[in-house]
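Here the structure comes first, spelled out in structure tokens, and everything after it is commentary.
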There are 2 protein chains.
Amino acid sequence: MYLWYARGGAGGGPFLVMVMESDLQIAKQSATLRVKVEETLRQAIAKGRFKPGQRLVERELCEMLGVGRTSVREALRQLEAEGIITSFPHKGPVVSTITYEEAAQLYTVRALLEGFAGQQFAENGTAQDIATLQAAVVEFEAAAGSGVGSRLIDAKNAFYNCLMDGSKNVFVRQLLTSLHNRINLLRMTSMTQPGRLAHSVAEIKEIAEAIKNRNGPLAAAACKHHIDQAAKVALEYLRKNAVNES
Amino acid sequence: MYLWYARGGAGGGPFLVMVMESDLQIAKQSATLRVKVEETLRQAIAKGRFKPGQRLVERELCEMLGVGRTSVREALRQLEAEGIITSFPHKGPVVSTITYEEAAQLYTVRALLEGFAGQQFAENGTAQDIATLQAAVVEFEAAAGSGVGSRLIDAKNAFYNCLMDGSKNVFVRQLLTSLHNRINLLRMTSMTQPGRLAHSVAEIKEIAEAIKNRNGPLAAAACKHHIDQAAKVALEYLRKNAVNES
DNA sequence: GATTGACAGATTGTCTGATAATCAGTTTAT
DNA sequence: ATAAACTGATTATCAGACAATCTGTCAATC
């Protein structure tokens with residue numbers, strides 16, 4: 001019981017398969033090709049497959065992904081708008097680089113917005129939201145103990161997602177998502193630094209605790225503190241490994 | 001003493017002109033066609049030429065602008081990423097609509113970010129920045145007195161631009177620009193409301209004053225207050241003229 | 001030897017035409 | 001009346017073409 005749709009590209013290679021999930025939900029079959037390209041590239045950049053400063057040549061992407069230039073170019077425009085790639089006229093796009101100063105600014109704004117999100121969550125979040133958040137914290141702690149990197153990343157994302165949802169503000173979510181994407185460019189989970197992880201867990205617990213107690217200001221402070229600490233570690237690392245090109 | 005480059009579109013209409021400025025600087029001849037389409041459409045939407053909810057049909061845009069589908073489609077992707085248009089797969093883009101709740105959220109985040117920008121400006125802005133800001137305030141007041149709508153809009157934009165620059169934070173600028181673009185969708189300059197304009201001028205003066213005195217917290221409060229007031233008027237108007245579709 | 005200018009290759013920017021997929025509305029058949 | 005089939009419009013995507021622009025190389029000039 002599945003649908004599939006194949007494109008007979010010249011190279012004989014590329015095709016897409018959309019599987020119907022076992023439950024009643026149809027897998028987002030809609031997702032237009034262009035969107036999949038976007039997601040693939042975003043992932044590739046986030047995972048370091050393409051590194052900051054690296055050129056992204058149209059033709060290569062087309063071959064690599066098995067899609068036409070139209071789809072690739074449109075996807076690139078999207079990523080460009082998101083700020084994770086930068087393109088110069090007639091030179092094509094490169095994965096965005098980020099200077100030390102920009103990274104600092106990025107974390108500053110993130111702290112501001114995430115603090116706000118935390119406060120809103122504490123004041124307006126539903127009981128359901130809070131329960132979800134607590135579950136995310138538990139999973140995060142477990143993931144931290146497990147030592148499995150991918151699980152940790154998933155848990156962290158789940159936590160932030162929940163936090164943004166709880167803020168009940170679409171724009172906070174959008175802006176924060178954008179910032180998160182760009183922070184990924186740093187290719188440095190501050191959590192890979194020794195000792196940071198334990199602190200991180202503790203900080204996150206404080207956030208959840210403040211929210212559970214409906215203490216808005218405290219939640220904001222906890223969020224801000226969490227980001228500030230992460231920023232400190234990340235920026236310190238950046239300074240040492242001075243990765244300044246351009 | 002000018003260069004010009006014409007594209008003989010089918011309709012005979014469209015062309016681009018690049019003028020060489022009187023000084024040694026060549027006018028940004030670069031601006032790729034796609035970018036010009038973006039700007040044109042953004043303007044058209046901001047000025048109400050296309051109204052929220054209105055469909056944007058590819059072919060029509062091509063004819064209207066005299067460019068190929070490639071350029072139009074890529075420009076649309078950009079605008080979509082910016083949030084000022086929304087597109088559904090296989091149905092094409094429409095100018096984004098914004099609900100009352102979203103508008104409220106929008107203003108909330110804007111107040112937060114603009115308050116932050118004001119604070120940063122007060123604490124980190126250069127003397128030059130402050131001078132520019134003061135000039136912008138003067139022009140704004142003059143524009144308010146002149147009663148010329150377009151001049152008022154320009155002055156307002158100049159002021160906000162200056163404010164964002166003074167914050168010395170690229171991300172604040174980017175995020176705020178994005179929010180401003182979306183607020184334009186409301187097609188309601190809160191300043192068109194009777195009596196609002198005078199208040200607006202007063203509020204802006206307070207912002208500039210606080211910044212001049214290097215009083216960060218006061219600047220933040222003044223910015224926040226300014227946006228909150230604008231929000232109040234705008235939301236009130238929205239509630240009355242309940243423009244809820246979708 | 002350093003600067004300038006011309007040339008070639010690579011890549012992007014843009015247009016055009018074609019085909020398949022999808023949506024929305026209308027007509028037809030049960 | 002409901003469901004099925006048809007139709008027209010529009011989008012999604014590909015392929016191929018050509019002009020514009022960038023980059024590096026190499027010869028010509030001072």
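Here the structure is a predicted model, which means the values were calculated and not measured. A, B, ... follow the sequence lines: proteins, then strands. Residue 1 opens every chain.
- Taking only side-chain atoms of A:His90, from C-beta outward, the nucleotide of D:dT10, C:dT11, D:dA20 with the closest atom is D:dA20.
- Using a 4.0 Å cut-off between charged side-chain N and carboxylate O, B:Glu80 and B:Arg77 make a salt bridge.
- Phosphate proximity of D:dC14 to A:Ser71: present, with a side-chain N or O under 4.0 Å from OP1 or OP2.
- The CD-P distance, from B:Glu58 to D:dA12, rounds to 7 Å in whole Å.
- Contacts of A:Leu56 with the nucleic acid, taken as non-hydrogen atoms under 4.0 Å apart, involve only primed sugar atoms and P, OP1 or OP2.
- In this structure, B:Arg59 reaches the sugar-phosphate backbone alone: every heavy-atom distance under 4.0 Å involves primed, P, OP1 or OP2 atoms, never a base.
- Between B:Glu60 and A:Thr70, the one whose closest nucleotide on DNA chain D sits nearer the 5' end is B:Glu60.
- Between A:Glu74 atom CD and D:dC14 atom C1' the separation is 12 Å, expressed in whole Å.
- For the pair B:Glu63 CD and D:dA9 P, the interatomic distance rounds to 14 Å; values are reported in whole Å.
- Not a single donor-acceptor pair under 3.5 Å links the side chain of B:Ser178 to the backbone N or O of B:Gln174.
- D:dT11 atom P lies 8 Å from atom CZ of B:Arg73, rounded to whole Å.
- Under a 4.0 Å N-O distance rule, the pair A:Glu102/B:Arg173 does not qualify as a salt bridge.
- With C:dT12, D:dT11, D:dA12 as the choices, the nucleotide that has an atom nearest any side-chain atom of B:Val57 turns out to be D:dT11.
- The side chain of B:Val67 has C:dC15 as its nearest neighbour among C:dC15, D:dT13, C:dT12.
- Salt bridge absent: A:Glu82 and A:Arg182 never bring a charged side-chain N and a carboxylate O closer than 4.0 Å.
- A straight line from CD of B:Glu80 to C1' of D:dA12 spans 13 Å, rounded to a whole angstrom.
- No N or O donor and acceptor, one from the side chain of A:Arg69 and one from the base of D:dG16, sit under 3.5 Å apart.
- Computed from coordinates, the B:Arg77 CZ to D:dT13 C1' distance equals 12 Å when rounded to whole Å.
- The existence of a salt bridge linking B:Glu236 and B:Lys232 is excluded, since no basic side-chain nitrogen approaches an acidic carboxylate oxygen closer than 4.0 Å.
- Following rounding to the nearest Å, A:Leu76 (CG) and C:dT14 (C1') show an atom-to-atom distance of 16 Å.
- Between the C1' atom of D:dA20 and the NZ atom of A:Lys91 lies a distance of 16 Å, rounded to the nearest Å.
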